[in-house]
Q: 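I have a structure here, written as structure tokens, and I will follow up with some questions on it.
Quantities reported herein were computed from a predicted structural model and do not represent experimental measurements.
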Amino acid sequence: MHVMIRWKVKPDQVERELESLRAVYADMHAVRPEGLRYATFRLDDGVTFVDVAEMAEGPGVLQQVEAFQHYRATLDERCDELPVVTVLHEVGAYRFP
């Protein structure tokens, strides 16, 4: 399963968002969930974020990452636009990821 997730945080919540994301990635590196490839990008506007994820066994793999559970539980209060998940269907790839 490949997905793209896009959301926008309130301008005064950007630093809190970045701190929360750092905690999620620190936990991912510690737990090292199998079958998960995950990257987060911040767009030029400074408040829009995009995740690209590959989850071999589906989104349940994120249950292993405690910091992600906390992050997701508090995300709505930081958002101007809630996350939108788009399932991606690969057509082709070159050296990706």
Q: Is it true that, when you exclude Gln69 itself, more than 12 heavy atoms of the residues, nucleotides or ligands shown sit nearer than 6.0 Å to its CD?
A: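 Atom CD in Gln69 is packed in, count exceeds 12.
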Q: Give, for atom CG of Asp27 and atom CZ of Arg22, the distance between the pair rounded to the nearest 0.5 Å.
A: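 Nearest 0.5 Å value for the CG-CZ distance: 15.5 Å.
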Q: Under 6.0 Å from the CZ atom of Arg78, do we count more than 12 heavy atoms belonging to anything else shown?
A: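 Yes, enclosed.
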Q: Between Val31 and Phe68, is there a shared hydrophobic cluster once you connect ILVMFWY residues whose side-chain heavy atoms come closer than 4.5 Å?
A: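 No; tracing contacts between hydrophobic side chains, which count when under 4.5 Å, never links both residues.
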Q: May I have all residue pairs that pass ring-ring contact (aromatic ring centres under 6.0 Å, His included) and include part of residues 73-97, sequence neighbours excluded?
A: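 Matches after skipping sequence neighbours: none remain.
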Q: When you compare the side chain of Pro33 with that of Gln63, does any pair of heavy atoms fall below 4.5 Å?
A: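 Counting from C-beta outward, Gln63 and Pro33 never come under 4.5 Å.
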Q: Could you tell me whether a side-chain N or O of Tyr38 sits under 3.5 Å from a main-chain N or O of Met28, the two making a donor and an acceptor?
A: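 Looks like no, no N/O pair under 3.5 Å.
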Q: State whether the number of non-hydrogen atoms from other residues, nucleotides or ligands found under 6.0 Å of Glu34 atom CD is greater than 12.
A: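 Not more than 12 within 6.0 Å, no.
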Q: Could you pull out all residues at least two apart from Tyr71 that satisfy ring-ring contact (aromatic ring centres under 6.0 Å, His included)?
A: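 If we apply the ring-ring contact (aromatic ring centres under 6.0 Å, His included) test to Tyr71, skipping adjacent residues, there are no hits.
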Q: Any heavy-atom pair between the side chains of Val3 and Met1 that's under 4.5 Å?
A: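 Answer yes - side chains close enough.
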Q: May I ask whether Leu21 and Val84 are part of the same hydrophobic cluster, defined by side-chain heavy atoms of I, L, V, M, F, W, Y residues being less than 4.5 angstrom apart, directly or through others?
A: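 Result: no, two separate clusters.
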Q: Looking only at non-hydrogen atoms, find the nearest pair between Pro83 and Leu75 and report the distance.
A: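 Nearest heavy atoms, Pro83 then Leu75: CG-CD2, 3.4 Å.
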Q: Would Val85 end up clustered with Leu43 when hydrophobic side chains under 4.5 Å apart are linked, directly or stepwise?
A: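 Per the 4.5 Å side-chain linkage, Val85 and Leu43 are not co-clustered.
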Q: So how far is it from Thr86 OG1 to Met4 CE, rounded to the nearest 0.5 Å?
A: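 So the OG1 of Thr86 and the CE of Met4 are separated by 4.0 Å.
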Q: Considering only heavy atoms from C-beta outward, does the side chain of Arg42 approach that of Phe49 to under 4.5 Å?
A: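 When only atoms from C-beta onward are counted, Phe49 and Arg42 do touch, with a gap below 4.5 Å.
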Q: Would you check if the side chain of Thr74 reaches a backbone N or O of His70 as a donor-acceptor pair within less than 3.5 Å?
A: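 Present.
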Q: Mind listing the closest non-hydrogen atom pair of Ala67 and Ala23 along with its distance?
A: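 For Ala67 and Ala23, the tightest heavy-atom pair comes out as CB-O, 3.6 Å.
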Q: Whether Asp12 and Arg16 form a salt bridge (side-chain N of Lys/Arg under 4.0 Å from carboxylate O of Asp/Glu) is what I want to check.
A: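 Result for this pair is no, no salt bridge flagged.
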Q: How long is the span from the CD atom in Gln13 to the CG atom in Asp80, to the nearest 0.5 Å?
A: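 Nearest 0.5 Å value for the CD-CG distance: 9.5 Å.
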Q: Could you state whether Val52 and Met55 fall into the same hydrophobic cluster, counting links through intermediate Ile, Leu, Val, Met, Phe, Trp or Tyr residues with side-chain heavy atoms under 4.5 angstrom apart?
A: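 In one cluster with Val52: Met55, no.
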Q: Please name the pair of heavy atoms, one in Val14 and one in Gly46, separated by the smallest distance, quoted to 0.1 Å.
A: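 So the two residues come closest at CG2-O, 3.6 Å.
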Q: CD of Glu17 to SG of Cys79: how many Å apart, nearest 0.5 Å?
A: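 Rounded to the nearest 0.5 Å, the CD-SG separation comes to 6.5 Å.
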Q: Does Val9 share a hydrophobic cluster with Val50, counting links as ILVMFWY side-chain heavy atoms below 4.5 Å and allowing steps through other members?
A: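 No, separate clusters.
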Q: Side chains of Leu82 and Asp76: closer than 4.5 Å at any heavy-atom pair?
A: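 Side-chain contact under 4.5 Å: yes.
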Q: If you look at every heavy atom in Pro11 and Val47, which pair is closest and at what distance?
A: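 Residues Pro11 and Val47, closest heavy atoms: CA-CG1, 4.0 Å.
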